[in-house]
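Computed from heavy atoms alone, side chains included, the values below leave out hydrogens, waters and symmetry copies. Residues take their numbers from the sequence shown, with the count starting at 1.
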Amino acid sequence: MHLGKINGKYVLMIESNTIEFDKGVSPIEFHKPDDLMEIVERISRKSVGDY
């Protein structure tokens, strides 16, 4: 796990090769996560104080 700050907000990142839940299926893959850099850019564009 990694903890950082962007624009004064805390960001928690979990680093893992796989994420499995009770039935052996990863709902994370069904969600089709965005690329990490896209997420960081999106958070960075938000102005301080936006929630």
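- Contact check for M13 versus L36: side-chain heavy atoms found under the 4.5 Å cut-off.
- When all heavy atoms of K46 and N7 are compared, the pair lying nearest together is O-ND2, 2.7 Å.
- A side chain to side chain contact (heavy atoms under 4.5 Å, CB included) with V11 is found for exactly one of I39, V40, I6, namely I6.
- Under a cut-off of 6.0 angstrom, the local environment of CG in L12 is crowded, with over 12 non-hydrogen atoms contributed by other residues, nucleotides or ligands.
- Within the 4.5 Å cutoff, no side-chain heavy atoms of M1 are placed close to those of E15.
- The two atoms that bring D34 and R42 nearest to each other are OD2-NH2, 2.6 Å, heavy atoms only.
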